[in-house]
Number of protein chains: 2
Amino acid sequence: MSTTPGTPTTDWLRLDQQICFSLNAASRAFGGLYRVLLKDLGLTYPQYLVMLVLWEHGDLPVKKLGEHLRLDSGTLSPLLKRLEAAGLVRRERSARDERSVEVGLTEEGAALRERAVQVPLRIAAATGYEVEEIGRLRTQLDELTEALDAAAAAESAGRP
Amino acid sequence: MSTTPGTPTTDWLRLDQQICFSLNAASRAFGGLYRVLLKDLGLTYPQYLVMLVLWEHGDLPVKKLGEHLRLDSGTLSPLLKRLEAAGLVRRERSARDERSVEVGLTEEGAALRERAVQVPLRIAAATGYEVEEIGRLRTQLDELTEALDAAAAAESAGRP
DNA sequence: AGCCATTTAGTTGTGCACAACTGAATTGTG
DNA sequence: CACAATTCAGTTGTGCACAACTAAATGGCT
C-alpha cells in the first residue's frame with residue numbers, strides 16, 4: 001500500500017486519531033455515566049449488560065451469553081462468579097451436556113430489574129438525542145463493527 | 001423522571017442495550033483490528049494513541065498527554081513505563097517544576113512513525129467509509145461524549 | 001466399540017481504566 | 001514568612017478484555 005499523493009502522512013495520522021479515538025472516548029464516557037447510575041444497584045457496566053441479557057432472554061448457557069455480548073469465557077467466567085457471589089445469579093452444570101453451564105437469575109437478580117428500569121431513561125435523557133437518532137447511530141456503529149471484524153479476521157488469517 | 005406511557009419498560013431495557021452496547025462493540029472491534037495491525041510495531045492500541053499524540057505535539061508533560069487522551073496518571077504512568085522499557089520514550093522530571101514529568105520521543109520512537117503511517121490507511125480501508133462520512137460520525141460521537149460527561153459530572157455532584 | 005476432532009468452561013498472564021490514596025512540589029493567602 | 005490548599009505523578013486495588021492454554025465432555029467416523 002502506498003501513500004496517496006497530496007495527502008501528507010501527518011494528516012493521515014491525525015485523521016486516524018479522530019475516528020478510533022472519538023469512538024473510544026464516547027465508549028468510556030458512557031462507562032462513566034453508567035458507573036454513576038449503577039452505583040446504587042451495585043453493578044458495574046459489564047455486569048449490567050449481562051443482567052440485561054438475562055432479563056430479556058431468561059436462563060442461558062455461558063456460550064449463548066457470550067454470543068449476545070461478544071465476550072468469551074475468559075471474561076465471563078470471573079464476572080459471573082462475582083454476580084453469583086452478589087446473589088444475583090445462579091450457575092449450574094447442564095444435566096444433558098456436562099460441558100455447559102446454565103446461568104439463571106436468582107429471585108434477587110430478577111427483582112433488581114425493577115430498580116434498573118430507570119437507568120436507560122436517565123441515559124437516554126443524558127445523550128440529548130431522540131430515539132430515532134439513536135437508532136441511526138446504532139445502525140452505523142453495527143455496520144462499522146461488522147466491517148472491522150471482517151477486516152481483522154482477514155488480516156489475522158494470512159494477508160488477503 | 002417517570003416512565004413514558006405507551007412504552008413498556010421491556011422496550012426501554014432493550015433499546016438501552018442497543019446504544020451503549022453497539023458503541024462498546026464498535027470500540028472493541030477497532031481494538032481488535034488495531035491489535036492485529038500494531039503487532040508488527042510492538043505497540044498496543046492505547047500505546048499507539050500515546051505515540052500519535054507525541055508524534056503530533058512533540059514532548060509533553062504527563063498531564064497534557066492525559067488531557068489529549070482523557071486519561072489520568074493511574075493509567076498513563078505504567079503505560080509510559082512500558083514504552084520507556086521498550087526504548088520508544090524518555091521520561092524526565094521537569095527542571096522548572098519538579099512535580100511534572102516531561103515525556104519525549106527517543107530516536108527509535110520518532111523513527112517508528114514511518115512504519116506507523118500505513119496503519120491508519122489500512123484502518124480507513126477496513127471501515128469502508130469515505131473520509132467525509134467518518135468525519136460526520138466523529139462529530140456525532142464527540143457531541144455524545146460531551147453530553148455524557150456533563151451528565152456524569154452533574155450526577156456525581158449532588159443530583160441536579 | 002475405539003479414537004480423534006470439536007465444543008465448552010475455566011485458568012493464567014498481560015495490559016488498560018479508573019477510584020482512592022500517597023507524597024512531594026508549588027501556589028495562594030493571611 | 002508561614003501555612004493551608006492545590007497540583008502533579010505515582011501506587012494500590014478492583015474489574016474488564018483478550019490471548020493462550022487446560023481439562024473435561026461430546027459427537028462423528030471408521
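What you see below is based on every heavy atom in this structure, not just the backbone, and it leaves out hydrogens, waters and symmetry mates. In the text below, chain A, chain B and the rest are named by the order of the sequence lines, each starting its count at 1. All values derive from a computational prediction rather than experimental measurement.
Looking at the side chain of A:Arg99, the nearest of the listed nucleotides D:dT6, C:dA19, C:dT6 is C:dT6. Here the nucleotide nearest the side chain of A:Lys39, chosen from C:dT8, D:dA17, C:dA20, is C:dA20.
A straight line from OH of B:Tyr45 to P of D:dA19 spans 16 Å, rounded to a whole angstrom. A:Leu79 places its CG atom 8 Å from the C1' atom of D:dG15, with the value rounded to the nearest Å. The interatomic distance linking A:Lys63 (NZ) with C:dT6 (P) rounds to 14 Å, in whole Å. Atom CG in A:Asp72 sits about 15 Å away from atom P in C:dT7, given to the nearest Å. With rounding to whole Å, A:Glu102 atom CD is found 13 Å from C:dT8 atom C1'. Distance, B:Leu71 CG to D:dG10 C1': 15 Å, rounded to whole Å. Rounded to a whole Å, the CG atom of A:Asp97 is 11 Å from the C1' atom of C:dA9. Separating the CD atom of B:Glu92 from the C1' atom of D:dG10 is a distance of 18 Å, rounded to the nearest angstrom.
Taking the six-membered ring where the residue is Trp, B:Tyr34 and B:Tyr45 present parallel rings, their angle staying beneath 30° rather than reaching 60°.
Within the structure, every side-chain polar atom (N or O) of A:Ser100 is placed at least 4.0 Å from both OP1 and OP2 of C:dT7.
The minimum heavy-atom distance linking B:Glu143 with A:Tyr129 is given by the pair OE1-OH, 3.4 Å. In terms of heavy-atom proximity, B:Val119 sits nearest to B:Leu41 at CG2-CD1, 4.2 Å.
Put simply, CZ on A:Arg91 and CG on A:Leu80 are 6.5 Å apart, with the number rounded to the nearest 0.5 Å. Within the model, atoms SG of B:Cys20 and CG of A:Leu49 stand 5.5 Å from one another, a figure rounded to the nearest 0.5 Å.
Side-chain contact check for A:Arg113 versus A:Met51: every heavy-atom pair is 4.5 Å or farther apart. Residues A:Leu65 and A:Leu71 have side chains not in contact (no heavy-atom distance under 4.5 Å, counting atoms from C-beta outward).
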Taking N or O atoms only and anything under 3.5 Å, show me the protein contacts with nucleotides 10-13 of chain C, one pair per line.
residue, atom, partner, partner atom, Å
C:dG10, OP1, A:Arg91, NH1, 2.9
C:dG10, OP2, A:Ser77, OG, 3.0
C:dG10, N7, A:Ser73, OG, 2.5
C:dT11, OP2, A:Lys81, NZ, 3.3

